Amino acid sequence: MVAWRNLDQLDAFHALQALEDQVVLKEVMLGDSGKERVEKYQVPMAEGLVYNFAAKKVNDRVLATLSDLAKEAQLTEKFQELYNGEIINTGEHRRVLHHLVRGQLGEDVCVDGVNKRAFYVEQQNKIADFAKKVHAGEITNEAGEKFTTVVQIGIGGSDLGPRAIYIGLENWAKKTGNFKMEAKFISNVDPDDAAVVLNSIDIAHALFILVSKSGTTLETLTNETFVKNAIKKEGLDPARHMVAVTSETSPLAKGTDYITAFFMDDYIGGRYSVSSSVGGAILSLAFGPEVFADFLAGMAAADDTAKNEDIFQNPAMLDALIGVYERNILDCEVTAVLPYSQAMSRFPAHLQQADMESNGKSVNRFGEPVHYKTGPVIFGEPGTNGQHSFYQLLHQGTTIVPLQFIGFRENQAGMDDVIEGSTSQQKLKANVAAQIVAFACGKEDQDLNKKFEGERPSSIIVGDQLTPKTLGAILAHFENKIMFQGFLWNVNSFDQEGVQLGKVLAKNVLAGKSEGALAAYSKLLGI
Ligand SMILES: O=P(O)(O)OC[C@H]1O[C@](O)(CO)[C@@H](O)[C@@H]1O
C-alpha cells in the first residue's frame, strides 16, 4: 500500500529546503564547465529524444535529494497503482486509465466484467475500419461522393489535444504521403468560430465528429445544432454527415442521428483523451489509422520509461522533480513551454489545460487545504516568434520564469534554403542554443538597461524530427510529468471542480435568474 502524504510531510522535502546549494548558472554554464555540464546533465527519452537539464539550477547534491524525494513520495509505486486500475481520481471516485489506451503497462484492468484494454483496442479497430472505408469511398455522403474534409466539434480536452496533434503532423503527413483529409475544428460557443469554419468548407463533402465525453457541454451541444442547421440549409441530412465520440454512459450515446459512434469511458480524463477515440477518430481520418497507431506507440514508449525508479532513466519523473524544486524551493510562479517548431504552435495551449486543470488545486486528494504552492501558470509560443514578443520580460523582467524548450535537428517539410550562409532550420537551431545560454549566463554592461542578469533556468528536449512517434513521446512525457507532480503535491490531478461555478452562473443568466452584479454585467453585455 502506498502512503499519500503532503509534500511538507516528507523528510526529503525538508532536506531540500535545508540545502544551501545556490547553483549560479553564469558560473557553471560558462567555459569548459558549461561544456561538460551540457554533456553530462542529460537523460535519454523514448523514441531517440533527449531531455537536457544542464541549464537548470541543480547540482549533484540537489539531484540526489530529489531522488530521495521521489522514493519517499513513492512516485513509482503510485504510478503502478494508477496503471493497475486503482481509484486514483478520489474526487470523482474513478480509475485513471489513459495509459491503458496506448499499451498494457501492468495488470489486466477489468471493470464490470469488461477488460478495459480490450475495450480500448476494440474502439481503435472500429475507428480504423471506419476511416479506411471513408478513404476508400465506401462510406460517402448522400450523393455517393467522398468526404474530403473532417471537422471536429468539441471543447477543452475534446479539442485542444487533437487540434495540437493535427497541426503538429499536418506538414509531416503531406511530405510523407500520409495526408488523407483536411481537418478543421469548432470549439468556441462564439458563433463566429463555427461560421468561419463553415464558410471555409464544402459542407456537402464534410464529415463532422461531435466529441463530448459527458455529452452535456453547453458549447459543444450548441455548436452541434448550429452545424446541423447549416447542413439542413444545404438541403442535406445531418445524420449522414456526423459521427459521435462520447462515453457509453453519456446522453449522446443514445443518439440515433449519427452515422456511427465511437466510445471512451469515464476513466479517461478529457485533457488526457487525445490517445483515446477523442483524438483517434479525427487523426485516423486525417492521416490514416497507421499514423495514429505510430503516435500511440510513441506515447507507449514514453509511458514505459516513466516506470523506471531511477530518476536518471525516467525523464518525466526528473522533469517533474525539477519543476517542484523550482516551484516550492525557488518560488517560481510560471513556466513557459517554448517549442522551436512551428508545427507545435498549439502544443503549449494543450499543455495549459493538461497542466493547469490537473494541478491548479488548493486542497489535497483528501479535500484538506495544502500549505505550499501547487501547479504553476503555463504559457508558451513557438520560437522564434516568442523572442520578438514576450522574451524581453523573460530576459530582463522582475519575474524569473523557468523555461522548457523543445527543438529538432531537421524540419518536417524538407523545404529549406541557404540564405546568407545558413538554412532557416540552422537559424532556428542557432536561436534556441543562443537563448539557453543568454538566459543562463546573461551579460554584464555598465548601462543597466542593457545588462542581462542571467540566472534564468531552462531545459530542452531535443530530437531529430517531429514525427508521429516523437510527438507521441513528447506528449506522454508531459502527461507523466504532470502526474508525478500531482503525486508530489498530493493533489488529485484528475478532477476539475474549478470549472463548475462559472458554468452554473452562466446558466442562471441564460435562464433569467441573475441578480446583483451578475444582473448588472448581463445588462452591460446586452443579454
Ligand atoms: O468532453 P466534454 O465532456 O464535452 O468536456 C469538455 C471539457 O470540459 C471540461 O470538463 C472543463 O470544462 C474539461 O475537463 C473537458 O475537457
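Note that the structure is predicted; figures quoted are calculated from it, not measured.
Atom CD of Q74 sits about 10.0 Å away from atom CD of E309, to the nearest 0.5 Å. Between R163 atom CZ and I282 atom CD1 the span is 9.5 Å, to the nearest 0.5 Å. With rounding to the nearest 0.5 Å, the separation of CD in E72 from CD in Q9 is 10.0 Å. Within the model, atoms CD1 of I482 and CG of L351 stand 6.0 Å from one another, a figure rounded to the nearest 0.5 Å. Between the CG atom of D294 and the CG atom of N178 there is a distance of 8.5 Å, given to the nearest 0.5 Å. Taken from CG in L25 to CZ in R37, the straight-line distance is 6.5 Å, to the nearest 0.5 Å.
In this structure, Q104 contributes its side chain and G106 its backbone to a donor-acceptor pair below 3.5 Å. Checking side-chain atoms of S33 against main-chain N and O of V28 turns up a donor-acceptor pair under 3.5 Å. The backbone N or O of T423 sits nowhere less than 3.5 Å from a side-chain atom of D416 that would complete a donor-acceptor pair. Under a 3.5 Å cut-off, the side chain of S389 and the backbone N or O of N385 do not form any donor-acceptor pair. Remark: side-chain polar atoms of N6 are not paired, donor with acceptor, to backbone N or O of D8 under 3.5 angstrom. Side chain of D445 to main chain of N449: no donor-acceptor pair is present (N/O by atom type, distance under 3.5 Å, no hydrogens or angles). Judged by distance alone, the side chain of T217 and the main-chain N or O of E219 form no donor-acceptor pair under 3.5 Å. The closest donor-acceptor contact from the side chain of D159 to the backbone of F185 lies at 3.5 Å or more, if one exists at all. In this structure, N52 contributes its side chain and I460 its backbone to no donor-acceptor pair below 3.5 Å. Between the side chain of N89 and the backbone N or O of V96 there is no donor-acceptor pair closer than 3.5 Å.
Side chains of E47 and T467 form no contact here, defined as non-hydrogen atoms less than 4.5 Å apart. By the 4.5 Å heavy-atom criterion applied to side chains, V370 and N490 are not counted as neighbours. Residues K26 and F452 have side chains not in contact (no heavy-atom distance under 4.5 Å, counting atoms from C-beta outward). Residues P376 and E326 are not in side-chain contact: their nearest non-hydrogen atoms beyond the backbone lie 4.5 Å or more apart. Taking 4.5 Å as the limit, some side-chain heavy atom of F478 sits within range of a side-chain heavy atom of I406. For the pair V50 and P315, the minimum side-chain heavy-atom distance is 4.5 Å or more. Residues L7 and L69 form a side-chain contact, since some pair of their non-hydrogen atoms from C-beta on lies under 4.5 Å apart. Using a 4.5 Å cut-off on side-chain heavy atoms (C-beta onward), L160 and R346 make contact.
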message = Please determine whether side chain to side chain contact (heavy atoms under 4.5 Å, CB included) holds for the pair I400 and R456, giving the CA-CA distance in whole Å, both sets of side-chain angles, and the decisive distance to 0.1 Å.
response = CA-CA 6 Å; I400 303 275; R456 271 73 175 158; 3.6 Å; yes
query = Please walk me through it: do L475 and F347 pass side chain to side chain contact (heavy atoms under 4.5 Å, CB included)?
reply = CA-CA 9 Å; L475 178 58; F347 194 75; 4.0 Å; yes
inquiry  = Working note: M45 + T305, criterion side chain to side chain contact (heavy atoms under 4.5 Å, CB included); need CA distance, chi angles, decisive distance, verdict.
reply    = CA-CA 7 Å; M45 298 174 64; T305 65; over 6 Å; no
task = List the steps and the verdict of ring-ring contact (aromatic ring centres under 6.0 Å, His included) for F487 and F79.
result = CA-CA 9 Å; F487 291 163; F79 184 31; 7.5 Å; no
Side chain to side chain contact (heavy atoms under 4.5 Å, CB included) assessment of K213 paired with S273 = CA-CA 9 Å; K213 172 180 153 179; S273 65; over 6 Å; no
message = For a salt bridge (charged side-chain N to carboxylate O under 4.0 Å, His left out) check, start with the C-alpha distance between D495 and K361, then their side-chain angles and the critical distance, and finish with the verdict.
response = CA-CA 10 Å; D495 65 0; K361 310 280 163 72; 3.1 Å; yes
key: Criterion salt bridge (charged side-chain N to carboxylate O under 4.0 Å, His left out) on D60 and K40, from CA distance to verdict   = CA-CA 11 Å; D60 288 350; K40 176 180 165 193; 3.0 Å; yes
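When only modelled atom types and interatomic distance are considered, N364 and E368 share a side-chain donor-acceptor pair under 3.5 Å. In summary, the side chains of H99 and N480 do present a donor paired with an acceptor at a separation below 3.5 Å, with no hydrogens or angles considered. Side-chain atoms of D319 and Q404 form a donor-acceptor pair, as typed in the model, at a separation below 3.5 Å. No donor-acceptor contact under 3.5 angstrom links the side chains of R327 and Q485, judged on distance only. With no hydrogens or angles considered, a side-chain donor-acceptor pair links W489 and N328 at under 3.5 Å. In the model, T65 has no side-chain atom that pairs as donor or acceptor with a side-chain atom of Y325 under 3.5 Å.
Ring geometry, Y51 versus F53: the interplanar angle falls under 30°, so the pair is classed parallel (tilted spans 30 to 60°).
Q412 approaches N171 most closely through the heavy-atom pair OE1-CB, 3.8 Å. Here the closest heavy-atom approach between residue E455 and residue P457 is recorded as O-CD, 3.4 Å. Among all heavy-atom pairs drawn from V334 and P402, the shortest one is O-CD, 3.0 Å. Of all heavy-atom pairs between D303 and R102, the closest is OD2-NE, 2.7 Å. Residues I322 and K56 come closest through the heavy atom pair CG2-CD, 3.7 Å. Contact record, A70 with I311: CB-CG2, 4.0 Å, taken as the closest heavy-atom pair.
Counting non-hydrogen atoms of other residues, nucleotides and ligands closer than 6.0 Å to CG of D32 gives a total of 12 or fewer. For Y372, the OH atom counts as densely surrounded, since its 6.0 Å shell holds more than 12 non-hydrogen atoms of other residues, nucleotides or ligands. When the shell of 6.0 Å around NZ of K174 is examined, it contains more than 12 heavy atoms from other residues, nucleotides or ligands. Around NZ of K443, the count of heavy atoms belonging to other residues, nucleotides or ligands within 6.0 Å exceeds 12.
Under the 4.0 Å criterion applied to side-chain N and carboxylate O atoms, E444 and K451 are assigned as salt-bridge partners. A salt bridge is defined here as a Lys NZ or Arg NE, NH1 or NH2 lying under 4.0 Å from an Asp or Glu carboxylate O, and D355 with K481 fails to meet this definition.
Partner of H395 under the side-chain hydrogen bond (donor to acceptor under 3.5 Å, both in side chains) criterion, chosen from Q387, Q435, E453: Q435.
For an aromatic pair to be called close, the ring centres must be under 6.0 Å apart, and F390 with F379 satisfies this.
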